[in-house]
Amino acid sequence: MTTLQAIRGMHDVMPAQIGDWQYLEAQLRALTAAYGYQEVRFPMLEPTTLFSRSVGENTDIVAKEMYTFSDRNGESLTLRPEGTAGCVRAALEHGILFKQTQRLWYMGPMFRYERPQKGRLRQFHQFGLEAFGMPGPDIDAEIIALTARLWRNLGLETKLRLEINSLGTLDTRVRHRKDLLEYLNVHAHALDEDSVRRLATNPLRILDSKNPTMQALIAKAPRLLDFLDQESNDHFAQLQELLTTLGIAYQINPHLVRGLDYYTKTVFEWVNEEMGAQGTVCAGGRYDGLITQLGGEATPAVGFALGLERLINLLHLSKPAQQSVTPDVYFVLLGESAVQSGLGLAERLRDALPTLQVLMNAGGGSVKSQFKRADKSGAKYALVLGDDEIRANVIALKDLRGDFATQLSIEELIKFFESTLHERRVL
RNA sequence: GUGGGCGUAGCUCAGUCGGUAGAGCAUUGGAUUGUGAUUCCAAUGGUCGUGGGUUCGAUCCCCAUCGCUCACCCCA
């Protein structure tokens, strides 16, 4: 294949799809503003150690999915596989976490070297949100309420199911892991191939196995929730109370584990069943230990990320794609002199009506082809300028979606669009 | 990383039991010397993903490779 093409798993967003992205982005900006969160932007490229130290050396993300390479100084750099690490690094570096609370959000591309499939890309886009300095379940509930509101605003409230769990503290997991490994080793003969491999890498995952022959074994295994310390237990109970008070339905999934090492206490996922294997649209949780791990003062934190491509896929299950912008008028220009004066007239229209969207024909073409373009552009009106109009000092106006047609001077035309634009705003 | 399905025109696809290809849509022009979206006519457009093998001859069969896609794994 000699033709140039995009890197595997990295997609272009073309005009036919851009409406969805702009719609979603606008919804997210409005939502974060409603809860007092502020946008941050940080680099897509970071020192590799930032991710290995925060996400965890033994996670799949760090062990085999990172885009890592050396820069010209030999320093190892990595394209960010997730947003939390970079967000925390930036917040620490600018000293905005010390003895204060912060509510932050960000949006942009993330990179993971995985085999692409439905809902899984090598460059994908996440919206992420992080709340720092608040230790209680109230802020956990706030961000879950924020996501629930987003689904309502997007008309997806019936499409997503909330699952929650608590991972407790690091100590909780160490104690549970010890018991779990003991139990699994006793029953090692009953483990399937995947589970044997997970025994070494991530034994918690074994409890989440889809293999039906493993279910009896899993049912009797030590449960992480039984190992929670008092504080984690209270935190989890209070969160459930708050969710109930807010009227947010949830399910406790004791097998819910997040793939990143830094999570503590609350974890949650919003899941859809109709989207194939990658049905998790939004996931997150608390990570009280991460900031000390990265060299900051102990700071409680909680956040989540949502996959924009997955969310758009979900929107498409019930709605067609959002329309991208269509011009108000298409300017048909017939002949040399029309091209010359047409440019100026289009500028005068834009001067007088800054919100009017004027698409001017360029590159010539017959009347027929120019009208075809006008129709295809989605414009409501066509303006026509040719020798006849220039002689009469008028511009022909035609409603492409109705019967109306007339000839107007430029001043009359401005007045005409002023009133139709006004009607459009009122609608 | 493992496995399945698929690569033919800009797009969606047909087709050749092996003899170098067709439709619809789109584009351009015309029927209507200045009026689109309905109709009719015509034109433009393909190294049949790439490389190799078998064959007199391969787009078709075989092998490899790349890409897309779905699933496993994992995750947003």
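Sequence lines set the chain letters: A, B, ... in the order given, protein chains first and strands last, and positions in each chain run from 1. Computation of the quantities below employed the complete heavy-atom set of this structure, encompassing side-chain atoms and omitting hydrogens, waters and symmetry-equivalent molecules.
Searching all strands for a Watson-Crick or G-U wobble partner of B/G22 with both distances below 3.5 Å returns B/C13. In this structure B/A71 sits in a base pair with B/U2, meeting the Watson-Crick or G-U test at under 3.5 Å. Pairing partner, B/U33: none, since no Watson-Crick or wobble contact has both distances short of 3.5 Å. Using N1 to N3 plus N6-O4 or O6-N4 for Watson-Crick, or N1-O2 and O6-N3 for G-U wobble, each under 3.5 Å, B/U65 pairs with B/G49. B/U54 is unpaired under the criterion used here, namely a Watson-Crick or G-U wobble arrangement in which both key atom distances are under 3.5 Å.
The gap from the C1' atom of B/C13 to that of B/C48 amounts to 13 Å, rounded to the nearest Å. Nucleotides B/C56 and B/G45 have their C1' atoms positioned 32 Å apart, rounded to a whole Å. Across the C1' atoms, B/C60 and B/U8 are found 11 Å apart, a figure rounded to whole Å. Comparing the P positions of B/U54 and B/A43 gives a spacing of 41 Å, expressed to the nearest Å. Across B/U47 and B/A21, the matching C1' atoms stand 14 Å from one another, rounded to whole Å. Here, B/C6 and B/U38 have their C1' atoms 37 Å apart, quoted to the whole Å. Here, B/G36 and B/U44 have their P atoms 25 Å apart, quoted to the whole Å. Between B/U55 and B/U65, the two C1' atoms lie 23 Å apart (nearest whole Å).
In this structure, A/Lys398 reaches the bases: a heavy-atom distance under 4.0 Å links it to at least one base atom across the strands shown. Nucleic acid contact class of A/Glu65 (heavy atoms, under 4.0 Å, all strands): sugar-phosphate only. No contact: A/Ala374 has no heavy atom under 4.0 Å from any strand. Note on A/Gly364: nothing from the nucleic acid sits closer than 4.0 angstrom, heavy atoms only. Counting non-hydrogen atoms under 4.0 angstrom, A/Val384 reaches a base of the nucleic acid. Here A/Gly119 lies in heavy-atom contact (under 4.0 Å) with a base. Note on A/Glu389: a base of the nucleic acid sits closer than 4.0 angstrom, heavy atoms only. Within the 4.0 angstrom heavy-atom criterion, no nucleotide atom of any strand lies near A/Leu308.
Neither side chain, A/Gln126 nor A/Tyr106, offers a donor N or O lying under 3.5 Å from an acceptor on the other. A/Thr169 and A/Thr264 form no side-chain donor-acceptor contact under 3.5 Å, judged by distance and modelled atom types alone. A side-chain N or O of A/Gln370 and one of A/Asn361 form a donor-acceptor pair less than 3.5 Å apart. A donor and an acceptor atom, one from each side chain of A/His125 and A/Glu309, are located under 3.5 Å apart. When only modelled atom types and interatomic distance are considered, A/Tyr35 and A/Arg149 share a side-chain donor-acceptor pair under 3.5 Å. In the model, A/Thr84 has a side-chain atom that pairs as donor or acceptor with a side-chain atom of A/Glu130 under 3.5 Å. Checked by atom type, the side-chain pair A/Ser409/A/Glu412 shows a donor-acceptor distance below 3.5 Å.
Phosphate contact (OP1/OP2 of B/C73, side-chain N/O of A/Arg120, threshold under 4.0 Å): absent. Between A/His11 and the phosphate of B/U69, there is a side-chain N or O to OP1/OP2 separation shorter than 4.0 Å. Distances shown here put every side-chain N or O of A/Arg112 at or beyond 4.0 Å from the OP1 or OP2 atom of B/C74. Regarding contacts with the backbone of B/A26, every side-chain N or O of A/Lys376 stays at 4.0 angstrom or more from both OP1 and OP2. Taking only side-chain nitrogens and oxygens, A/Gln117 never comes nearer than 4.0 Å to OP1 or OP2 of B/C70. Put simply, A/Arg373 has a side-chain N or O that comes within less than 4.0 Å of OP1 or OP2 on B/U28.
A donor-acceptor contact under 3.5 Å is not formed by the side chain of A/Lys64 with the base of B/G1.
To the nearest angstrom, P of B/C74 lies 12 Å from CG of A/Leu207. The distance between atom CZ of A/Phe331 and atom P of B/U35, rounded to the nearest whole Å, is 18 Å. If you take CG of A/Asp403 and P of B/U35, they are 17 Å apart, rounded to a whole angstrom. In this structure, the CD atom of A/Gln5 is 9 Å from the C1' atom of B/C68, given to the nearest Å. One interatomic measurement links the two molecules: CZ of A/Arg122 to C1' of B/U69, which rounds to 14 Å at whole-angstrom precision. Atom P of nucleotide B/A76 and atom CZ of A/Phe51 are separated by 14 Å, given to the nearest angstrom. Separating the CG atom of A/Leu383 from the C1' atom of B/G34 is a distance of 15 Å, rounded to the nearest angstrom. Atoms CZ (A/Arg115) and C1' (B/U69) sit 10 Å apart, rounded to a whole Å.
The side chain of A/Ser366 lies closest to B/G30, out of B/G30, B/C74, B/A76. When the nucleotides B/C73, B/A76, B/A37 are ranked by their closest atom to the side chain of A/Asp375, B/A37 comes out on top. Nearest nucleotide to the A/Leu334 side chain, out of B/G29, B/A76, B/G34: B/G34. For A/Lys372, counting side-chain heavy atoms from C-beta on, the closest listed nucleotide (B/C73, B/A37, B/A76) is B/A37. Side-chain proximity of A/Val367 to B/G36, B/U35, B/C74: nearest is B/U35.
Residue A/Lys368 is the one, among A/Arg391 and A/Lys368, whose nearest nucleotide of RNA chain B lies closer to the 5' end (criterion: closest heavy atom). Along RNA chain B, the nucleotide nearest to A/Leu385 and the one nearest to A/Gln126 differ in position, and the one closer to the 5' end is contacted by A/Leu385.
Cation-pi contact between A/Arg103 and A/Tyr37: present, with separation from the ring centre below 6.0 Å and deviation from the ring axis of at most 45°.
Here A/Tyr381 and A/Tyr330 keep their ring centres 6.0 angstrom or further from each other.
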